Amino acid sequence: MRYVSTRGEAPAIGFWDAVLAGLAPDGGLYVPQAWPRFTPQEIAAFAGKPYAEVAAAVIGKFAGDDIGHDELLAMTREAYATFTHPSVTPIKELYPNLFLLELFHGPTLAFKDVAMQILARLYDKALKAQERHLTIVAATSGDTGGAAVEAFRGASNARILILFPEGRISEVQRRFMTTTGEVNVANVAVQGSFDDCQAIVKDMFQDKTLRQAVDLSGVNSINWARIAAQAVYYFTSAVALGAPHRKVSFVVPTGNFGDAFAGYVAGQMGLPIETITVATNSNDIVARAIRTGRYVRGEVQATQSPAMDIQIASNFERLYFEAVGRDAAATARAFKGFGQTGSIDIPAEALDFMRQLFGGDAVDEAQTSAAIRDTLEDTGELIDPHTAVAVRAALRLRAGAGDASTPLIVLSTAHPAKFPEAVLEAAGAEPRLPAAAIGLDRKTETFDRLPADAEAVKNYLRAFAICNQNDAP
Ligand SMILES: *Cc1c(COP(=O)(O)O)cnc(C)c1O
């Protein structure tokens, strides 16, 4: 399987390079040269199979001959053994024919674990084969950092540095990152905002000397292997509800559009999906694009669902590329233009293509709180604010034109205990921490504080890399 850039000016690469790649050198995102497909019989045969087996089948389609089935299966088994639920991503009926797909039973209680656990194992194999030792740097507004640290802790060929905005993430989120006690993990509380952290990371990647000295890498949501790993639960949940003999619909709480795009990927691989509704908070760039045909950058607003507080939905470029018939020149023009003007007018035909599968809905703060409260009253379930955004959109879809005979699956992306303040305020009930997180508050934290200054962080990183080199076996 080869991977091409959405902007068409970078050479095609193989699976292992795609696993380790961030942005393509032309600024585009990698996508498979052609979509691999399952037959309806193959999809039907997923019914009742363990999650790890379906994961190996789906991810295996993207690896082609680059990894043997048994080896990949061993990796997915190990990755998903870290989840505390036997089904890994169970579904639960919330309202009649409306289901929650619980993606938060991993080590850090957020859906990012699903992709990160397998990504770390793929990284390990790729790095050992290439005899590389690299440094992962990531800025986090909360969930990505914890999932990445938990997945890469103790890795022999990778060290990881996380930057988070001091005082602006929840205590549970911080403790997942700072209590590992591993020598290959470093955390920095930056005296600034998440945007400051991101700007520092960008500065580091642009520093060629530093990039080469420590072999810098990212694990953000544009990574292809993460998308492939997220396509898996679209299959397992749909098959549990009667696919491929019956269509299902999804509602996806959306920030960077990685999770929602994974649903598109599952559809291209042969899963019959009726609709995917992209549910955003008040940072509604994607919902607005699908509704109005204009993709326009706005100001980031802080909400109760911080993992979706973004102003650019990076993975939207992949859908755009598909929607313009894989015209890389048109995609490059549109997104280079976006970099300058902050807006794209989606051509009519491309918009029609997007709307065949996708709908969009934006949910404001009051509606999010109401959804947490109403869900508890109606069903006895506590849901987190990200999930609440999607539940609200799902109920609106049902009340409107939505066909109630099609099962509607809402992706539940975080455990409510990760956002106890928002849940308590909305519903008057405090979510209980699951076993995985119990004791977190008694562990010793290790992190350093630095000003929002790229040079200071770079010096810190060099020292960390040297010290970790010496510690390496
Ligand atoms: C990252 C995240 C999202 C958004 O996912 P995207 O792939 O960026 O659209 C939603 N909910 C939670 C809890 C997250 O951590």
Side-chain angles (χ1 to χ4, degrees), residues 1-37 58-68 72 115 118-119 122-138 157-158 201-202 204-231 256-258 261-262 264-265 268-269 312 314-340 344 350:
M1 176 69 65
R2 307 287 292 169
Y3 291 81
V4 295
S5 164
T6 50
R7 300 197 186 175
E9 281 168 29
I13 60 174
F15 175 72
W16 290 111
D17 287 328
V19 164
L20 297 176
L23 279 183
D26 61 0
L29 279 69
Y30 288 109
V31 287
Q33 205 153 37
W35 295 111
R37 279 187 79 84
V58 172
I59 298 167
K61 283 277 190 196
F62 292 104
D65 297 332
D66 288 347
I67 184 168
L72 183 55
I118 186 66
L119 181 67
L122 292 169
Y123 250 68
D124 192 55
K125 181 173 163 62
L127 292 175
K128 282 179 180 152
Q130 298 182 5
E131 293 182 1
R132 277 169 75 182
H133 194 120
L134 54 69
T135 307
I136 295 164
V137 202
N157 290 50
V201 169
K202 209 169 162 194
M204 290 162 102
F205 274 94
Q206 280 163 357
D207 183 336
K208 206 170 157 198
T209 318
L210 178 78
R211 209 169 66 212
Q212 288 172 349
V214 301
D215 200 352
L216 219 49
S217 168
V219 286
N220 52 19
S221 76
I222 60 163
N223 177 282
W224 177 256
R226 281 183 62 179
I227 305 272
Q230 291 168 26
N256 247 323
F257 198 66
F261 187 73
Y264 171 85
V265 172
Q268 291 303 302
M269 296 178 84
I312 300 176
S314 317
N315 284 289
F316 191 67
E317 182 168 337
R318 288 188 162 118
L319 179 65
Y320 191 93
F321 176 68
E322 292 284 298
V324 295
R326 297 200 145 213
D327 181 339
T331 307
R333 257 197 319 277
F335 283 85
K336 279 180 195 161
F338 179 78
Q340 281 144 18
I344 294 174

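Starting from 1, each residue takes its place in the sequence as its number. Quantities reported herein were computed from a predicted structural model and do not represent experimental measurements.
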* Looking at K128 and D124, does any basic side-chain N land under 4.0 Å from a carboxylate oxygen? ->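 D124 and K128: salt-bridged.
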
Identify the two heavy atoms, one from [X] and one from [Y], that lie closest to each other, and give their separation to 0.1 Å.
| X | Y | answer |
| --- | --- | --- |
| R226 | L119 | CG-CD2, 4.0 Å |
| F205 | R211 | O-NH1, 2.8 Å |
| V19 | A225 | CG2-CB, 4.3 Å |
| N256 | I312 | OD1-O, 3.2 Å |

* **Sequence-distant partners of E317, side-chain hydrogen bond (donor to acceptor under 3.5 Å, both in side chains), two or more places apart** => T6, R7

With [X], which residues qualify under side-chain contact (heavy atoms from CB on, under 4.5 Å), at least two apart?
| X | value |
| --- | --- |
| L23 | L29, I222 |
| R132 | L20, L127, Q130, L134, D215 |
| A350 | A323, V324, I346, P347 |
| A228 | F62, W224 |

Pairs under 3.5 angstrom only: tabulate donor-acceptor contacts from the side chains of residues 329-340 to other protein residues two or more places apart or in another chain.
from : atom 1 : to   : atom 2 : distance (Å)
T331 : OG1    : D327 : O      : 2.9

Residues in salt bridge (Lys or Arg N to Asp or Glu O under 4.0 Å) with [X], at least two apart?
| X | value |
| --- | --- |
| R326 | E322 |
| K202 | none |
| R318 | none |

What is the distance from atom [atom1] of [X] to atom [atom2] of [Y], rounded to the nearest 0.5 Å?
| X | Y | atom1 | atom2 | value |
| --- | --- | --- | --- | --- |
| L72 | L122 | CG | CG | 7.0 Å |
| M269 | R37 | CE | CZ | 9.5 Å |
| N315 | I227 | CG | CD1 | 4.0 Å |

* Would you call the rings of F316 and F257 parallel, tilted or perpendicular, where under 30° means parallel and over 60° means perpendicular? -> perpendicular

* Asked: Hey, is the main chain of V214 close enough, under 3.5 Å, to the side chain of T135 for a donor-acceptor pair?
  -> yes

* **Side chain proximity check, M1 to P36, heavy atoms < 4.5 angstrom** => yes

For residues 8-17, please give each side-chain donor-acceptor pair under 3.5 Å, one per line with the distance, not counting sequence neighbours.
from : atom 1 : to  : atom 2 : distance (Å)
W16  : NE1    : D66 : O      : 3.1

* To do: With sequence neighbours left out, write down each residue that passes ring pair (Phe, Tyr, Trp, His ring centres under 6.0 Å) with Y123, or none if nothing qualifies.
  =>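 Residues passing ring pair (Phe, Tyr, Trp, His ring centres under 6.0 Å) with Y123: F152.
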
* Asked: Among all residues two or more places apart in sequence or in another chain, which pass the ring pair (Phe, Tyr, Trp, His ring centres under 6.0 Å) test with Y30?
  ->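 Y30 satisfies ring pair (Phe, Tyr, Trp, His ring centres under 6.0 Å) with no residue once adjacent residues are dropped.
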
